[in-house]
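Heads up: the structure comes next, in structure tokens.
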Protein chains: 2
Amino acid sequence: MASQRGEGETTATPLEPADRERARAIPEAAVARLAVYLRVLSGMADQGVTAVSSEELSQAAGVNAAKLRKDLSYIGSYGTRGVGYDVEVLVSHIERILGLTRNHSVAVVGIGNLGHALANYGGFPGRGFPVTALFDVDADLIGVPVGGIPVSHIDDITAVCLEREVSIGVIATPPPAAQSVCDRLVSAGVQCILNFAPVVLQVPDNVEVRKVDLAVEMQILSFHVARRADEAASVSAGIVSAGNNGLGVDGMVIRP
Amino acid sequence: MASQRGEGETTATPLEPADRERARAIPEAAVARLAVYLRVLSGMADQGVTAVSSEELSQAAGVNAAKLRKDLSYIGSYGTRGVGYDVEVLVSHIERILGLTRNHSVAVVGIGNLGHALANYGGFPGRGFPVTALFDVDADLIGVPVGGIPVSHIDDITAVCLEREVSIGVIATPPPAAQSVCDRLVSAGVQCILNFAPVVLQVPDNVEVRKVDLAVEMQILSFHVARRADEAASVSAGIVSAGNNGLGVDGMVIRP
DNA sequence: TACCGCTTGTGAACGCATGCACAAAGTCGG
DNA sequence: CCGACTTTGTGCATGCGTTCACAAGCGGTA
């Protein structure tokens, strides 16, 4: 772990003390939205847009305008009253806060269907996240290049991750292997993990895990399908909920 | 509340009037967790476990025990004080509330890397979500079976979706195509959409959209990497935040 | 320069979700 | 049958996040 990391100010990512305290205070939900704003803003910049108001940007991002302004205020005051925000300025500040000024090397573990898809994503979404290592257990895969990177054996995970300074590990293995893979990533010094396996990972406090769970997403949708179907049944039976929340009682269009 | 009124039990998905009102009231966050509990419980059932306490289950699911009990209370009182919960009973009640008693036919649009991976997921995570239709624009793909299902042309989306009673649409197209595909799905009567494209979709109120955004996930992780690196820098430079919020001043373990 | 209209930034209220703490309710042993 | 122990279900307080509403501030205009 004796790489560039240690000596604070000499490295890249120069975050001012004021920004540092701000970064600490940004709510997780706001961080997620900042990433969305960034994408929208980048798109605007590509189209030659130079300035934008909170109203326009919030619509494009699908959020409330006040919320957007508050989110932006977490990272500082970079707007101009009466005018709006400068797109370039906003982009660069959000990138800085999100730590996108530095590259984050990514390792994908588990080169099945999903692993292939991830490895081939090419430059990885939004760039700045180069995939530099792939791992699997299958002997037939070892050494085979996928998306330009040869697959390594999972037993070499520590050495390879350290060597290539992997900062984000992506777990795309079958469920039973996930915890073990996670442990290995952690002992290789990886502190951020994106988990696609439908498993609740146990990790030390200093490791950040985010999970993408297809089954859960599907089931949440299923819940809504069921709720809708059920409401429709109620309506067709002439039942109307007495305790209606104030969402507007207008006849929501429901197909027979 | 006048919950007795429910005379309309003639349709499928027999949700009691009492349950119906409960379903309406379950917080979204709790729904997501219920899906997780369900998976953990299913695993336990497979291993022959018949009873479980909130403490055990909450640990396995990685949540607070009180929160778990509250979540379960949203769907009714199916535990036994002094004993715990019957695994089978809990499983069946959660499945019922999540609408998993009925199959939800899934259509995948965009058969690129990700689309392939999704189509091949086989029975789809957690079963109950059969993929019954695939769509793309690429002429070379039309008719080719992927994961056992032949790919249809996207222009046939309305007819095919209606015919196969698709209730969930999955968008795995490149960003520029996403909104158009979404519109077509909606006009085909699909009311639930899972969106993998990094685009903010505009939909009518009666359509439920969930989005899985890799770029956003990566950037959130990046934010945490940056924050950590920065904290480490602060510590090594002997800087300690003065205006600390009351989170506890204990020295959080940070590796050198 | 002084005014006017527009948009930001934020204080304050509200609402939802989380976590605590305890009464209710059940089991088990004697 | 009773009392001790265990675990659920939930009222309540706390904290976080969202939303509203408005003062502050800036550019444009006369």
Side-chain angles (χ1 to χ4, degrees), chain A residues 18-19 21-37 41 49-87 89-90 93-94 97 220 243-248, chain B residues 18-19 21-22 24-37 41 49-87 89-90 93-94 97 220 244-248:
Chain A
D19 289 333
E21 262 180 54
R22 283 210 192 86
R24 199 184 306 274
I26 303 179
E28 186 85 2
V31 174
R33 286 191 298 267
L34 282 173
V36 175
Y37 306 153
L41 286 165
V49 178
T50 59
V52 66
S53 72
S54 65
E55 185 60 37
E56 298 170 275
L57 183 52
S58 70
Q59 284 214 329
V63 304
N64 179 295
K67 193 192 293 186
L68 177 135
R69 288 200 299 274
K70 182 145 289 191
D71 288 344
L72 292 183
S73 80
Y74 289 130
I75 66 172
S77 297
Y78 302 114
T80 308
R81 291 168 193 237
V83 178
Y85 300 90
D86 182 285
V87 174
V89 170
L90 220 45
H93 279 109
I94 296 178
I97 289 288
I220 293 173
N244 202 328
N245 44 19
L247 286 176
Chain B
D19 289 332
E21 266 182 50
R22 281 208 193 88
R24 199 184 305 271
I26 303 179
E28 187 84 5
V31 174
R33 286 190 298 268
L34 283 173
V36 175
Y37 306 153
L41 286 166
V49 179
T50 59
V52 67
S53 72
S54 64
E55 185 59 37
E56 297 171 276
L57 183 52
S58 70
Q59 284 215 329
V63 302
N64 180 294
K67 193 193 295 186
L68 178 136
R69 289 201 299 274
K70 183 148 291 191
D71 287 344
L72 292 182
S73 80
Y74 288 130
I75 66 173
S77 297
Y78 302 113
T80 307
R81 294 170 191 234
V83 178
Y85 301 89
D86 182 285
V87 174
V89 169
L90 219 45
H93 278 110
I94 296 178
I97 289 288
I220 294 172
N244 204 329
N245 45 17
L247 286 175

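Throughout, protein chains are lettered first and strands after them, A, B, ... in sequence-line order, and every chain is numbered starting at 1.
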Report each atom pair, protein N/O against N/O of nucleotides 27-30 of chain D, whose distance is under 3.5 angstrom.
none

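Residues A:A30 and A:R69 each lie close to DNA chain D; by heavy-atom proximity, the contact nearer the 5' end of the strand is made by A:A30. Two residues, A:V52 and B:P27, neighbour DNA chain C, and the one matched to the more 5' nucleotide by heavy-atom proximity is A:V52.
Summarising the geometry, the separation between CG on B:L68 and P on C:dC20 is reported as 14 Å, rounded to the nearest angstrom. Regarding B:R33, its CZ atom lies at a distance of 9 Å from the P atom of C:dA17, rounded to whole Å. A straight line from OH of B:Y78 to C1' of D:dT10 spans 17 Å, rounded to a whole angstrom. The distance from atom OH of A:Y85 to atom C1' of C:dC6 is 13 Å, rounded to the nearest whole Å. The nearest whole Å value for the distance from the CG atom in B:L90 to the P atom in D:dT8 is 10 Å. A straight line from CD1 of A:I26 to P of D:dG17 spans 12 Å, rounded to a whole angstrom. In this structure, the NZ atom of A:K67 is 18 Å from the C1' atom of C:dT8, given to the nearest Å. The separation between A:I75 atom CD1 and C:dT10 atom P is 12 Å, rounded to whole Å.
Between B:S54 and D:dT8 there is a side-chain polar atom (N or O) within less than 4.0 angstrom of OP1 or OP2.
Among all heavy-atom pairs drawn from B:D71 and B:L34, the shortest one is O-CD2, 4.3 Å. Of all heavy-atom pairs spanning A:V87 and A:L41, the tightest one is CG1-O, 3.6 Å. Smallest separation of non-hydrogen atoms from A:A32 and B:I220: CB-CD1, 3.7 Å. The minimum heavy-atom distance between B:G79 and B:Y85, with the atom names listed, is CA-CD2, 3.4 Å. A pairwise comparison of heavy atoms in A:A65 and A:S54 identifies CB-O, 4.2 Å as the closest pair. For the pair A:Y37 and A:I94, the tightest heavy-atom approach, listed with the atom from each and the gap, is CB-CD1, 4.2 Å.
Under a 3.5 Å cut-off, the side chain of A:Q59 and the backbone N or O of A:E56 do not form any donor-acceptor pair.
Neither side chain, B:Y78 nor B:D86, offers a donor N or O lying under 3.5 Å from an acceptor on the other.
Looking at residues 55-66 of chain A, you'll see that no heavy atom sits under 4.0 Å from any atom of DNA chain C.
Not a single donor-acceptor contact under 3.5 angstrom links the side-chain atoms of B:K70 to the base of C:dT18.
The CG atom of B:L72 lies 10.5 Å from the CZ atom of B:R33; values are rounded to the nearest 0.5 Å.
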